[in-house]
**Q** 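Sharing a structure here in structure tokens format.
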Number of protein chains: 2
Amino acid sequence: MTGLQGPGPLTRDGTRRSRPVRVAEAIKDWVVERGLQPGDRLPGEAELIAEFGMSKGTIREAMRLLQAQGLVVTKTGPGGGSFVGEVGKDRAHALLGNYFYFRNISIDDIYQVRIALEPELAASLAGRLTPEQLAELGRIMTTYAEPAEDAEGERAQHVASLVFHARLAEFADNALLGFFIGFMAQILADLTVYKRLYSKPNHELWRQGRDHQAGLVEALRNGDAEAARAIMREHMEMARRLMEDQEAVVMKRFMAE
Amino acid sequence: MTGLQGPGPLTRDGTRRSRPVRVAEAIKDWVVERGLQPGDRLPGEAELIAEFGMSKGTIREAMRLLQAQGLVVTKTGPGGGSFVGEVGKDRAHALLGNYFYFRNISIDDIYQVRIALEPELAASLAGRLTPEQLAELGRIMTTYAEPAEDAEGERAQHVASLVFHARLAEFADNALLGFFIGFMAQILADLTVYKRLYSKPNHELWRQGRDHQAGLVEALRNGDAEAARAIMREHMEMARRLMEDQEAVVMKRFMAE
DNA sequence: ACAAGCAATTCATCATGATAGATTCAAGAG
DNA sequence: CTCTTGAATCTATCATGATGAATTGCTTGT
């Protein structure tokens, strides 16, 4: 690791950067340069103290910066220390959720994007799912095989239906597409916890939604990309119309870590 | 702020959480509960130490955790302290970029999503831009009014063209849609710095791209949503074909903070 | 009025020591 | 021989107090 122990504040773009921040960036660069992989060991606290010539507190604050980003994990005990960590999907969702905390995202905003992306995902997944994956989707659908009795049951079914979409997103070969879709499913699932979105069960809409998903799985199994795309689009447009009747909710909370 | 000073590790879901993490979450909840806005003052270091009954180092590490997420900023001096901070677009880009660092995103993955989203953005922006915004887009386009002479010039023009898309994304009413598109523009711009994507200038493609964007701005000015959508789709598909000839690059770096 | 300089406030960093959790491995019970 | 148990040890975690650095705002001199 290079010299950095100079006493000066070492500006970069005019703004002063605190020592922990500079140490964190140095470690990030170090990981990139060496091409370290998740699980790989980073120098221990004591080594970093010696390496950077800084006090324990400063080094620890640097590690906290990296830990918050999900870039490192630390373990105690023999063989413990800091390790390169893969940023998890859930953490990325939370971090991105923070960005939208002060911005007002409406339900309709989410659906505008879903309508554009989910059919694309469905099409690209056609004929590419394993029997196990198809079976899992079918299993999720059994959660809402029967119409909901009350508002609470409707809520539970909607969350389960979002799990269906989230799982589909995880199957995507295109990690970017999968992440965007999974993030939106996460937001919608969180909203159902914090707001009463579902008032009166509507059996007709329930039946349409169930048929859509069943037809979608069948199209995916048959490798019919265009059918999958069409069904998903219709499914999304139906959901958007359903949501339009609900109040325009906005994100007003930090997502769970 | 509630009791938390108990000595026990206070598990939540079975996993033990370190004290700084617990303090950080408590502060997050505190911000949410009080509905604090960016710029609002948080208790000072000394107050937090007294409040939580923990040592300075622990509190400082908690603040680093929040700082890394962009949720707080701290300033020294009188009137200084910690403040609620709005998570910036750039920071959100960087945080999300970390998530994709160990996942292999191909250029084609990005374009699959762009083709689905950018036309949607273009359509929803038609007739909604101010004269100043339209003028700015025109100004960006002048950067590549003439065909590039060499590979380096081509690279510069491509980056400028991505600025066009990024700016368009910032104009979006739909913050979610805007962020996704801006993020992809950011990735592509970064890749051009780190990889030699652009080999031989192609004047015909350059002319098509220029005409597309000029036509797009005109459609936006006229409020012709469908024309804007069609032009953008064609523009994206052209860019995708152009990129297909290039090597399939993947993200292998941490994005700049 | 204006500006240079002083003083107060607050975070930033350092230094050191004690504590607690996790792992390993060997000894003992079954 | 296998499984439990517990001590040893390695590592991060937490605590305390002192010193440094940056910024604000007032004060004072012109």
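Residue numbering restarts at 1 for every chain, and letters A, B, ... go by the order of the sequence lines.
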**Q** Could you state the atom-to-atom distance from CD1 of A:I59 to P of C:dA12 in whole Å?
**A**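 Those two atoms, CD1 and P, are 16 Å apart.
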**Q** What are the atom names and distances for every N/O pair under 3.5 Å that joins the protein to nucleotides 3-5 of chain C?
**A**
none

**Q** Output a table of nitrogen or oxygen pairs between the protein and nucleotides 24-26 of chain C separated by less than 3.5 Å.
**A**
none

**Q** Check side-chain hydrogen bond (donor to acceptor under 3.5 Å, both in side chains) between B:E45 and all other residues, then give those that pass, not counting sequence neighbours.
**A**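 Per chain and number, B:E45 pairs via side-chain hydrogen bond (donor to acceptor under 3.5 Å, both in side chains) with B:R60.
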**Q** Got a sec, which residues hit ring-ring contact (aromatic ring centres under 6.0 Å, His included) with A:Y99, two or more places apart in sequence or on another chain?
**A**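 By the ring-ring contact (aromatic ring centres under 6.0 Å, His included) rule, A:Y99 matches B:F179.
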**Q** Excluding sequence neighbours, so at least two apart, what forms side-chain contact (heavy atoms from CB on, under 4.5 Å) with B:T58?
**A**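 side-chain contact (heavy atoms from CB on, under 4.5 Å) list for B:T58, sorted by chain: B:R19, B:P20, B:M54, B:S55.
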**Q** Tell me: CZ of A:R41 to C1' of C:dT23, nearest whole Å?
**A**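 These atoms are roughly 13 Å apart.
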**Q** Please name all residues satisfying side-chain hydrogen bond (donor to acceptor under 3.5 Å, both in side chains) with B:D40, sequence neighbours left out, ordered by chain then number.
**A**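 For B:D40, no residue satisfies side-chain hydrogen bond (donor to acceptor under 3.5 Å, both in side chains) once neighbours in sequence are set aside.
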**Q** List for me each residue that meets side-chain contact (heavy atoms from CB on, under 4.5 Å) alongside A:D109, sequence neighbours excluded, and say none if there are none.
**A**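 A:D109: side-chain contact (heavy atoms from CB on, under 4.5 Å) contacts with A:I105, A:S106, B:N174.
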**Q** For residues 158-176 of chain B, which residue pairs pass the salt bridge (Lys or Arg N to Asp or Glu O under 4.0 Å) check, not counting sequence neighbours?
**A**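 Found B:K89-B:E170, B:R128-B:D173, B:E136-B:R167, B:R167-B:E170.
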**Q** Given atom CG of B:L42 and atom C1' of C:dT10, what is their separation to the nearest angstrom?
**A**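 In whole Å, C:dT10 C1' and B:L42 CG are 15 Å from each other.
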**Q** Hey, what do you get for CG (B:L162) to CE (B:M184), rounding to the nearest 0.5 Å?
**A**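 B:L162 CG to B:M184 CE: 11.0 Å, rounded to 0.5 Å.
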**Q** Using whole Å, what does the distance between atom P of nucleotide C:dT13 and atom CE of B:M63 come to?
**A**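 In whole Å, C:dT13 P lies 14 Å from B:M63 CE.
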**Q** Using a cut-off of 4.0 Å between protein heavy atoms and nucleotide atoms, how would you tag nucleotides 13-20 of chain D 5' to 3' with B, S and -?
**A** BBBBBB--
**Q** According to side-chain contact (heavy atoms from CB on, under 4.5 Å), who are the partners of A:Q213, at least two apart in sequence or on a separate chain?
**A**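 A:Q213 satisfies side-chain contact (heavy atoms from CB on, under 4.5 Å) with A:M141, A:Y144, A:S161, A:F164, A:H165, A:H235 only.
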**Q** Under the salt bridge (Lys or Arg N to Asp or Glu O under 4.0 Å) rule, what pairs show up with a residue in residues 68-86 of chain B, not counting sequence neighbours?
**A**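 Listed by first then second residue: A:R103-B:E86.
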**Q** Test of understanding: with side-chain hydrogen bond (donor to acceptor under 3.5 Å, both in side chains), list the residues that count as partners of A:E132, not counting sequence neighbours.
**A**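 With neighbours one apart ignored, the set is A:T130.
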